[in-house]
Amino acid sequence: MMIAGTPPVIAPTRDIAACRHLRRVVFIEEQGVSEADEVDDKDDQAIHLLATIGGRPVGSARILLMGDTGKIGRVCVLKEARGTGLGAALIRAAVAELRGQPGVSRAKLGAQTHAIGFYEKLGFTAFGPEYDDAGIPHRDMLLTL
């Protein structure tokens, strides 16, 4: 349940369990992604962003640093918080986090094809062919920082 008028707080977190729970709800339970495809060994090396409203976790994103590129992934927002601008705020927060990382000059993500327009509005450009990720069509997208 959303708390009307309460702005979201988005910040880096070490509460990986909260992020994993959100990803389980959105990716595994809602989208039918297998646990084997969603759970990997990269959480410990990632920067995690957690979005909360009234102290309740409602969205998250994960950033992996790979040389001059920051890969934004595992972006999820609970159903009741969708359509509020929270997804865009998470992406903007991830980009801001990457801009603060020395030597990082690009942000990359794999967008579900239905969401390409959403990411384009945030400055990302699609490149390369469409590919299957966990049974969902994706395209890579890039933003120069």
Engineer: Rounded to the nearest 0.5 Å, what separation is found between the CZ atom of Arg106 and the CG atom of Leu142?
Structural biologist: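 If we round to the nearest 0.5 Å, Arg106:CZ and Leu142:CG are 5.0 Å apart.
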Engineer: Determine, step by step, whether Arg139 and Thr113 satisfy the side-chain hydrogen bond (donor to acceptor under 3.5 Å, both in side chains) criterion, reporting the C-alpha distance in whole Å, the side-chain angles of both residues, the deciding distance to 0.1 Å, and the verdict.
Structural biologist: CA-CA 6 Å; Arg139 280 194 72 200; Thr113 54; over 6 Å; no
Engineer: Just wondering, do Val58 and Pro8 contact through their side chains at under 4.5 Å, heavy atoms?
Structural biologist: no
Engineer: Looking at side-chain heavy atoms only, is the closest gap between Met66 and Lys108 below 4.5 Å?
Structural biologist: no
Engineer: Do Ile72 and Val95 make a side-chain contact, defined as non-hydrogen atoms from C-beta onward lying under 4.5 Å apart?
Structural biologist: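 When only atoms from C-beta onward are counted, Val95 and Ile72 do touch, with a gap below 4.5 Å.
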Engineer: Once you round to the nearest 0.5 Å, how far does CD1 of Ile63 lie from CD of Gln45?
Structural biologist: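 If I round to the nearest 0.5 Å, the distance is 13.5 Å.
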Engineer: Are Leu122 and Met141 close enough that some pair of their side-chain heavy atoms sits under 4.5 Å apart?
Structural biologist: no
Engineer: Give the minimum heavy-atom separation between Ala88 and Phe118, together with the two atoms involved.
Structural biologist: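 For Ala88 versus Phe118, the nearest heavy atoms are N-CZ, 3.4 Å.
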Engineer: Check Leu98 against Gly70 and note the closest heavy-atom contact, atom names and distance.
Structural biologist: CD2-CA, 3.5 Å
Engineer: Distance check, rounded to the nearest 0.5 Å: Leu22 atom CG versus Leu78 atom CG?
Structural biologist: 5.0 Å
Engineer: Does Arg82 reach the main-chain N or O of Val77 with its side chain, forming a donor-acceptor pair under 3.5 Å?
Structural biologist: yes
Engineer: From Glu130 CD over to His138 NE2, what is the distance, rounded to the nearest 0.5 angstrom?
Structural biologist: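 Glu130 CD to His138 NE2: 10.0 Å, rounded to 0.5 Å.
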Engineer: Would you say Ile91 and Val104 are hydrophobically clustered, going by side-chain heavy atoms of ILVMFWY under 4.5 Å?
Structural biologist: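 As far as the 4.5 Å side-chain criterion goes, Val104 and Ile91 are connected within one cluster.
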Engineer: Do Ile28 and Arg23 pass the side chain to side chain contact (heavy atoms under 4.5 Å, CB included) test, and can you show the C-alpha distance, the side-chain angles, and the key distance before you say yes or no?
Structural biologist: CA-CA 7 Å; Ile28 296 173; Arg23 289 168 17 199; over 6 Å; no
Engineer: On a heavy-atom basis, which atom in Ile116 and which in Ala111 lie closest, and how many Å separate them?
Structural biologist: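 For Ile116 versus Ala111, the nearest heavy atoms are CG1-CB, 4.3 Å.
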Engineer: Would Val9 and Ile47 show up in the same hydrophobic cluster when neighbours are defined by side-chain heavy atoms closer than 4.5 Å?
Structural biologist: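 In one cluster: no.
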Engineer: Answer yes or no: is there a donor N or O on one side and an acceptor on the other, between the side chain of His48 and the main chain of Ser60, under 3.5 Å?
Structural biologist: no
Engineer: Nearest 0.5 Å please: distance from the CD1 atom of Ile16 over to the CG atom of Leu50.
Structural biologist: 11.0 Å
Engineer: Under the side chain to side chain contact (heavy atoms under 4.5 Å, CB included) rule, what do Asp140 and Tyr131 come out as? Steps first, then yes or no, please.
Structural biologist: CA-CA 9 Å; Asp140 285 332; Tyr131 60 91; 2.7 Å; yes
Engineer: Are Phe27 and Val39 joined in one hydrophobic group, where the rule is that I, L, V, M, F, W and Y side chains link up if heavy atoms are under 4.5 Å apart?
Structural biologist: no
Engineer: So, for Leu64 and Arg62, which heavy atoms are closest and what is the spacing to 0.1 Å?
Structural biologist: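 Between these two residues, the closest heavy atoms are CD1-NH2, 4.1 Å.
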Engineer: Parallel, tilted or perpendicular for Tyr119 and Phe124, by the 30°/60° rule?
Structural biologist: perpendicular
Engineer: Kindly compute the distance separating OG1 (Thr69) from CG (Leu109), expressed to the nearest 0.5 Å.
Structural biologist: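 Result: 11.5 Å between the selected atoms.
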Engineer: Taking Glu38 as the fixed residue, which of Arg24, Arg74, Arg20 is the one that meets the salt bridge (Lys or Arg N to Asp or Glu O under 4.0 Å) rule?
Structural biologist: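 Only match with Glu38 under salt bridge (Lys or Arg N to Asp or Glu O under 4.0 Å): Arg74.
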Engineer: Are the side chains of Leu49 and Val75 in touch, meaning some heavy atoms are under 4.5 Å apart?
Structural biologist: no
Engineer: For the pair Leu90 and Ile10, evaluate side chain to side chain contact (heavy atoms under 4.5 Å, CB included) and give the outcome as yes or no after the intermediate values.
Structural biologist: CA-CA 7 Å; Leu90 266 169; Ile10 301 172; 4.0 Å; yes
